[in-house]
S.K.: 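My structure is below; once you've seen it, I'll send some questions.
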Amino acid sequence: MYEDITIQAQAVVTELLDQAGLRPGALLVIGCSSSEMVGKRIGKGSSMDAARAAFRGIYPILQERGIHLAVQCCEHLNRALIMERAVAERKGYEIVNVMPQPHAGGSFAVTAWNAFEDPVAVETIQADA
């Protein structure tokens with residue numbers, strides 16, 4: 001099941017990047033529900049395994065293409081966005097003091113937080129896609 005999620009995530013992000021024509025340095029926002037990935041209602045079945053599987057399919061492709069990732073948290077964190085500090089600072093985004101958890105921010109946001117070199121949360125951004 002999780003391998004399928006990784007493969008589907010790779011296919012979707014590749015198609016999106018090819019269609020959007022994003023260039024290196026662009027910022028892409030992804031918000032997703034790990035609950036829905038495992039067949040549950042949003043917020044009712046958060047799955048770190050599903051989130052990690054999707055992230056494994058997405059993040060390496062973005063890194064190869066030089067695209068920056070911002071991950072949208074759920075409403076429990078006011079839909080804050082998790083991203084690399086260097087990108088947030090370069091773009092002048094205000095950093096907020098929160099750290100996502102599986103049931104407060106979401107499993108995908110937690111996965112990004114754990115994978116990023118120096119993660120931060122920001123309240124608002126302007127992204128390319």
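A quick note: this is a predicted structure, and the numbers were derived from the prediction, not measured.
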S.K.: Nearest 0.5 Å please: distance from the CD atom of Gln10 over to the CD atom of Glu15.
M.R.: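 So the gap between those two atoms works out to 14.0 Å.
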
S.K.: Heavy-atom distance under 4.5 Å between the side chains of Leu28 and Leu16, does that happen here?
M.R.: yes

S.K.: As an exercise, state the distance from CD1 of Ile5 to SG of Cys32, rounded to the nearest 0.5 Å.
M.R.: 9.5 Å

S.K.: Is there a donor-acceptor pair closer than 3.5 Å between any side-chain N or O of Thr6 and the backbone N or O of Gly57?
M.R.: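 No; judged by distance alone, with no hydrogens or angles, the pair does not exist.
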
S.K.: Can you hop from Val120 to Ile125 via hydrophobic side chains spaced under 4.5 Å?
M.R.: yes

S.K.: Considering only heavy atoms from C-beta outward, does the side chain of Val96 approach that of Val122 to under 4.5 Å?
M.R.: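 Side chain of Val96 against side chain of Val122, heavy atoms only: no contact under 4.5 Å found.
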
S.K.: Spell out, as yes or no, whether a donor-acceptor pair under 3.5 Å connects the side chain of Gln72 to the backbone of Ile30.
M.R.: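 Here the side-chain-to-backbone pair does not exist.
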
S.K.: Please report the interatomic distance CD1(Ile7) to OH(Tyr2), rounded to the nearest 0.5 Å.
M.R.: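 Nearest 0.5 Å value for the CD1-OH distance: 15.0 Å.
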
S.K.: Which atom names give the shortest non-hydrogen contact between Cys74 and Ala104, and what distance separates them?
M.R.: SG-C, 4.3 Å

S.K.: Measure the CD-CZ distance between Glu3 and Arg56 for me, rounded to the nearest 0.5 Å.
M.R.: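 These two atoms lie 9.0 Å from each other.
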
S.K.: Could you tell me which non-hydrogen atom of Glu84 sits nearest to which non-hydrogen atom of Glu117, and how far apart they are?
M.R.: OE2-N, 2.8 Å

S.K.: With clusters defined by side-chain heavy atoms of hydrophobic residues (ILVMFWY) lying less than 4.5 Å apart, directly or transitively, does Ile95 cluster with Leu81?
M.R.: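 Leu81 and Ile95: one cluster.
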
S.K.: Taking the side chain as C-beta and beyond, is there a heavy-atom pair between Ser107 and Ser47 under 4.5 Å?
M.R.: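 The answer is no, as the side chains (C-beta and beyond) never meet within the 4.5 Å cut-off.
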
S.K.: Do Met48 and Val110 pass the side-chain contact (heavy atoms from CB on, under 4.5 Å) test, and can you show the C-alpha distance, the side-chain angles, and the key distance before you say yes or no?
M.R.: CA-CA 8 Å; Met48 289 299 298; Val110 171; 3.6 Å; yes

S.K.: Let me check something: do Ile61 and Leu69 share a hydrophobic cluster, defined by ILVMFWY side-chain heavy atoms less than 4.5 Å apart, either directly or through other members?
M.R.: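 Yes; Leu69 is reachable from Ile61 via cluster members.
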
S.K.: Is the side chain of Asp128 donor-acceptor paired with the backbone N or O of Leu27 at a distance under 3.5 Å, no angle test?
M.R.: yes

S.K.: If you measure from CZ on Phe116 to OH on Tyr59, what distance do you get to the nearest 0.5 Å?
M.R.: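 One gets 5.0 Å once the value is rounded to the nearest 0.5 Å.
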
S.K.: Does any part of the side chain of Met83, heavy atoms only, come nearer than 4.5 Å to the side chain of Val71, both counted from C-beta?
M.R.: no

S.K.: Stepwise, does the side-chain contact (heavy atoms from CB on, under 4.5 Å) test hold for Thr14 with Arg65?
M.R.: CA-CA 10 Å; Thr14 298; Arg65 296 190 186 202; 3.9 Å; yes

S.K.: If you apply the rule side-chain contact (heavy atoms from CB on, under 4.5 Å), what do you find for Ile82 with Cys73, and how did you get there?
M.R.: CA-CA 7 Å; Ile82 306 304; Cys73 294; 3.8 Å; yes

S.K.: With a sphere of 6.0 Å drawn around CD of Glu123, does it hold more than 12 non-hydrogen atoms of other residues, nucleotides or ligands?
M.R.: no

S.K.: Please determine whether side-chain contact (heavy atoms from CB on, under 4.5 Å) holds for the pair Ile58 and Phe108, giving the CA-CA distance in whole Å, both sets of side-chain angles, and the decisive distance to 0.1 Å.
M.R.: CA-CA 11 Å; Ile58 294 167; Phe108 196 71; 4.0 Å; yes

S.K.: What distance separates Thr111 OG1 from Phe55 CZ, expressed to the nearest 0.5 Å?
M.R.: 7.5 Å

S.K.: When you measure from the side chain of Tyr93 to the backbone of Gln126, do you find a donor-acceptor pair of N or O atoms at a distance under 3.5 Å?
M.R.: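 Here the side-chain-to-backbone pair exists.
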
